[in-house]
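Read through the structure below, which is laid out as structure tokens, and then see the notes.
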There are 2 protein chains.
Amino acid sequence: MSIKVSYKVKPQLLIFLSTISFSVFAQPEWREVANSVWKTTIGNQQSLTLLSAAGVVPKLDAIAGLDKVPFPLELEKMNFAVVDGKSYLRFPLERDEEIYGLGLQFQTHNQRGRILNLHVDHYGGKDNGRTHAPVPFYISSRGYGVLIDAPQYITVYAGTGVRVAADDPPIVQDRNTDTLWQPQPYSDAVEILVPAEGSDVYVFGGPTMLNVVQRYNLYNGGGYLPPKWGLGFTQRVPTLYTAQDILREVQEFADHDFPLDFIGLEPGWQSMAYPCTFEWDKGRFPDPEGLITTLAEKGVRANLWLNPYVSPTASLYDSIKPFSGTHTVWNGLVVDFTLPKPRDIFRHHFQKYQLDIGVSGFKIDEVDGFDNWLWPDVARFPSGYSAEVMRQCYGLLLQKMTADWFYQINKRTYGLVRASNAGASAMPYVIYNDYYSHKDFITALINSSFIGVLWTPEVRASGSAEEWLRRMQSVCFSPMAMLNAWSSGTKPWTFPEVANEVRDVARLRMQLLPYLYTAFARYQQEGIPPFRAMQLESGYASLRGLADAPSITYQYMMGESILVAPMFTGDSIRRVALPPGKWYDFYTGAYVGNGDWITVKPGLDKIPLFVKDGGIIPMIEARNQAPRPDEKLTLEVRKYGTAPGSYLLYDDDGVSFDYEKGLFSWSELTAKLEDGKWECSFNPGNKEAFNYSEKVNWKFFE
Amino acid sequence: MSIKVSYKVKPQLLIFLSTISFSVFAQPEWREVANSVWKTTIGNQQSLTLLSAAGVVPKLDAIAGLDKVPFPLELEKMNFAVVDGKSYLRFPLERDEEIYGLGLQFQTHNQRGRILNLHVDHYGGKDNGRTHAPVPFYISSRGYGVLIDAPQYITVYAGTGVRVAADDPPIVQDRNTDTLWQPQPYSDAVEILVPAEGSDVYVFGGPTMLNVVQRYNLYNGGGYLPPKWGLGFTQRVPTLYTAQDILREVQEFADHDFPLDFIGLEPGWQSMAYPCTFEWDKGRFPDPEGLITTLAEKGVRANLWLNPYVSPTASLYDSIKPFSGTHTVWNGLVVDFTLPKPRDIFRHHFQKYQLDIGVSGFKIDEVDGFDNWLWPDVARFPSGYSAEVMRQCYGLLLQKMTADWFYQINKRTYGLVRASNAGASAMPYVIYNDYYSHKDFITALINSSFIGVLWTPEVRASGSAEEWLRRMQSVCFSPMAMLNAWSSGTKPWTFPEVANEVRDVARLRMQLLPYLYTAFARYQQEGIPPFRAMQLESGYASLRGLADAPSITYQYMMGESILVAPMFTGDSIRRVALPPGKWYDFYTGAYVGNGDWITVKPGLDKIPLFVKDGGIIPMIEARNQAPRPDEKLTLEVRKYGTAPGSYLLYDDDGVSFDYEKGLFSWSELTAKLEDGKWECSFNPGNKEAFNYSEKVNWKFFE
């Protein structure tokens, strides 16, 4: 299995190396594959990579519009070798450098000093790399990013290993007597082991961390623009609910004047689940098409739960069996979706029984872990890809396949998935799990912005009215406002003492839809995450230097200028770190601070929201469902602070991919003070794809 | 990297397989390498295996003395393949089968239904395969064993994976409606992934589980026979203790009339630690030889702590550097001990500065984990062996190297080590760790008997007099009676309310030395673990069937006929499972039961001990140090129950390897009732190697 031998060793040691093959790539060729995005291939890369599993199509034009920067790393401080079938990669670190990304972590942001085994799995309570989206991509605080595009269980030593020949070696101490002795001496490198004889490696330039993230997302095809209804409120119903139960549930939402855009059906819509048939249960759903049509008449879409494991009782079992792995999951076949044929079989089935009758999306469960339930690493698949590769890519493969179904009928979808990986930026899916720590959910939401995925801090049961409200507030400021409390039966109005406040925050989200939809459009077109870590904001780094700054801050940006600082049960006050510049309270317009930590006491009814000086927030009237293509709405525009502001508002039909044909609009809103008076302008864009009246109601918070 | 391609695939799928190589070994050749021990080699095995790292020399003659059995597994239900550089192994399981072993587990015995990644590491609180001795060997309750002799991070699916083509498939259930739905369907196989393109595999015949363990231990060279002093009491002293402090500590033990055979010096004996110099600190130890000599005059041996990482200030740093890995541990070099040259350098150093002045043993620390501190998996070593292989073998390599030093000077040693693996049966080392759960320590002690290692439930700090006593009772019924409380400064007499009881149990251990030493001799000569799981006792399986039988029983056998049932803090009663046959209380001789669960209330001063009907227990008078070669002692022999008994007592000089030249003795003790009167006999063996007077004091407990 020799590749090539070019490593210098002392002659007397050569004898021990006879059975080992290795190659060192002292000068790998870095090809600029997009503006300030470089790629190299180490060793022999498998044909399937994470990006190819995701089917990414880079947005080269958009990347070209970003600033050009030089290659950000010193070539002589990097090292790549393939030894005995494994790839060894090294990248330098400077003393002050921080490392973000490396998967959907729930308890930490900066990964420097950690060892991560990036492995698709449920999140088990530790930030060790086993998680729903173990994306092998990191962003340095020095403004560059590194992606290892390999579909294996990659181990990352993010500044832990110390080489004998370190460029910047630690000092040697005596533990016997030196009280300053450190168990983990200083490390000057990120070292990575890819258990495969090759890997694609990308370096993304900045200069800012946000630019790195933009290039990463754009290279993956840009972020996904959900249908407008996807940004409305969603509720999931108990597994054995019948069609009648579902219609009653929808009516209940209407009776309570509570937002509802789509409803999720859990496993029981199928004739068998765990493993699945993907066929409607004839008892509970005698007329699926009728149900979906009735729901649509009420403005409500349907999302169907599934796990991809095929029941022996499923009609497609026999046809899919030759394209499945050696092992079952809950007795169901594990289909090899790297092959085109089984993808065709699935598409035909789902087209006929789900898409053609109007189903709007899916919740793809159980593609992450836990190990005891999923296929073992000894499973084998007809494509020849290993069980490990299949595990790392399965979430991507399912997302891509199902996304394509909807793309082919020119209908946007927006669903849920439990496993993802690198390359997922353009996927119409939001990640979720069962972990349910409110604080850690917010940390995950923040971290999702480093790695091109979306995350929802979904609401299930709550132990108190306060918790219920606090969680509902958070989820309304996330990529998917989802209630998933079917198991406990909790409804938005279950706690009467906070029912109004819960509705208020859900309706505030609906009011913010123009702003939120625009944030997603910028995700798609510019790669800027709609919900993002403070680390991606300019000037935020200066706050980290403060002596008492916590490492986890539970605050994030939504869209261009709103800072969200969720409250947690039991807290009546909280601290917020405001980046440099003046900031204003979203609700009152009061000035709150500038480039410092502040303490706020928001009251139970409010989730703290702050707006940058000059911020313009386009809103609409409160409503229960996202705007339809045929509606024309009046904008209510809030303008914060005294600085002049300008804002580009996105719009399109909200449901199709016609924007790809140019059917979208960017409209400009500006406001500036002239002689103590606000001078405002509104320049609507492409009127064929613009659903607001030209009269705008401005409101100034200064 | 193709090996050979012989797997049948459908032609239309072949196109996807072009980059993958694999071999299937439908009929591997099983060679009988010892009586009812079979070996095969799958694919290309590396030259270094666990057994070769341990340098095992099988005791073929002793194995030949066991019953011959047929190959215990159905060939057609096994499957072996090498695919793309990894080995896939499958072994069948029957419905009622239980699986023991697979590493030093702390919370479980039966591993069926678990997934284990066998990885040398500290024990982190979960039985997931990461542990101090992740031995890839399992014993089936059906009376056979399987060893995967591969030095990689092996993943074992011990009855979890379900194949589409299962021999014994599970039933398919619908989770929507079937309340019997199981998240883990029935699995009929152990499946193993070895991340290497080959592996040695052994199958050990029974017919009993104990026979399997015997074959395994004997194949590894038999168990280790410690020097007699190694079975006495040991204490470790604070890291910055000087020579004078140590002598004062020894005097304190004498003043308290408390057993002490060897004393352990922690890192501070060295001029620098973490990393280490392996050189005496001239300030604290101006005359090391004088100290060791003075200690020897008091009958006390010295054991020295070390971790193997070489400090830049060590005299052997420059000479060892070319033979070290690319990465440091605490700034110390990680020596490649697979190479002869650095072993020579170490031997010369330790010979001169430690062995020649009389040091009796070592405590080899920090060779297990944790990952952040040890060398990373991207480290590379001059031998060409991977960091992974080095991690799996390092404890074995250190044990073997240091054991050889003592063997070469014909002096037995007995020390401590934190990492081991398959092949360690003959090593003079006991495993320990920092985990410190009393109950889990007992579970580990029990599990150690399945995998050819020794374990000590060492005593450190205790929160109460009760805990102190209960822990001291347990450790006195273990392979090493060690107090390691230097950090807290607790002494055996620190809790005055239990000081007498603590001394009593330590002295009871000393009284039992003839019995214990014989148990170790049988470990060496017959492979029978001196401390062993109840599962290895005949008839015990019948108790498992009882409806309320717990899976973890915290009881074990010591030597031929003593059942030990430790008590834990807070408990005044406990249940004990007695295998079929009559059992008697060790202290009173009272009959307690037969083949059933009993409940005992032993009082704080006693650790429950039970003796089989017919059991003969040779003891000596209480004393504080193990017998010296020049002493002649009088045996006090206890005989339990009414059944006739016979017992073979082992003896030799207790310190050297002269037993290999035949300088050892087996003496026979027999007792039977003749007409209501006990008829006893004592036939001393080889008198050149026998240190007891021929007059024996019998005591009958019936």
Side-chain angles (χ1 to χ4, degrees), chain A residues 1 10 13 16-17 19-20 46-47 83-85 88 90 115 155 157 160-165 170 172 174-176 181 183-185 191-193 195 239-240 267-268 270 272-275 311-313 322 324 326-328 330-331 333 339 371-373 375-380 382-384 386, chain B residues 1 10 13 16-17 19-20 46-47 83-85 88 90 115 155 157 160-165 170 172 174-176 181 183-185 191-193 195 239-240 267-268 270 272-275 311-313 322 324 326-328 330-331 333 339 371-373 375-380 382-384 386:
Chain A
M1 51 184 292
K10 298 193 174 179
L13 300 181
F16 304 109
L17 293 160
T19 62
I20 311 288
Q46 274 194 337
S47 52
V83 183
D84 214 20
Y88 292 60
R90 188 172 82 239
I115 300 173
T155 305
Y157 299 86
T160 62
V162 180
R163 284 163 297 128
V164 176
V172 179
D174 177 16
R175 192 182 185 183
N176 285 338
W181 181 87
Q184 192 168 323
E191 295 187 276
I192 297 173
L193 187 69
T239 193
L240 292 180
Q270 295 173 85
M272 174 183 264
Y274 286 84
S311 168
T313 67
S324 300
T326 51
H327 287 66
T328 62
W330 296 303
N331 288 308
L333 296 174
L339 304 174
D371 287 353
N372 279 64
W373 298 345
W375 64 91
D377 284 349
V378 292
R380 289 156 66 185
S383 64
S386 69
Chain B
M1 50 185 292
K10 299 196 174 177
L13 299 181
F16 305 108
L17 292 158
T19 63
I20 312 288
Q46 273 196 338
S47 52
V83 183
D84 212 20
Y88 292 60
R90 189 173 82 237
I115 300 172
T155 305
Y157 299 87
T160 62
V162 180
R163 284 163 298 127
V164 175
V172 179
D174 176 16
R175 190 181 184 185
N176 286 337
W181 181 87
Q184 192 169 323
E191 295 187 276
I192 298 174
L193 186 70
T239 191
L240 291 180
Q270 295 173 86
M272 176 184 262
Y274 287 84
S311 169
T313 68
S324 299
T326 50
H327 286 67
T328 62
W330 297 303
N331 289 309
L333 295 174
L339 303 174
D371 287 352
N372 279 63
W373 298 345
W375 64 91
D377 284 350
V378 292
R380 290 158 64 187
S383 64
S386 69

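Note on naming: letters A, B, ... go to the chains in the order of the sequence lines (proteins, then strands), and numbering restarts at 1 for each one. These numbers come from a predicted model, not from an experiment.
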Under 4.5 Å from any heavy atom of chain B - which part of [X]:
X	answer
A/Ile192	backbone
A/Trp375	neither
A/Thr328	both
A/Pro185	side chain
A/Leu193	both

Listed partners of A/Asp371 passing salt bridge (charged side-chain N to carboxylate O under 4.0 Å, His left out), at least two apart: A/Arg130, A/Arg391
From B/Asp174 atom CG to A/Asn331 atom CG, the distance as rounded to the nearest 0.5 Å: 12.0 Å
Contact leader toward chain B among A/Thr239, A/Asn372, A/Thr155, where contacts are heavy-atom pairs under 4.5 Å: A/Asn372
Option in A/Arg90, A/Gln184, A/Gln270 with maximal non-hydrogen atom pairs under 4.5 Å from chain B: A/Gln184
pair A/Pro376-A/His327: side-chain heavy atoms closer than 4.5 Å: yes
4.5 Å side-chain heavy-atom contact, B/Thr326 and A/Val164: no
Partner chain A: residue of B/Ser311, B/Pro275, B/Pro183, B/Pro312 with the largest heavy-atom pair count (under 4.5 Å): B/Pro183
Greatest number of heavy atom pairs closer than 4.5 Å to chain A - which of B/Thr160, B/Ile115, B/Val162: B/Val162
Residues which pass ring pair (Phe, Tyr, Trp, His ring centres under 6.0 Å) with B/Tyr88, listed by chain and number, not counting sequence neighbours: none
Geometric class of the A/Tyr274/B/Trp181 ring pair [parallel <30°, tilted 30-60°, perpendicular >60°]: perpendicular
Minimum-distance pair of heavy atoms, taken over all atoms of A/Pro382 and A/Ser324: CD-O, 3.3 Å
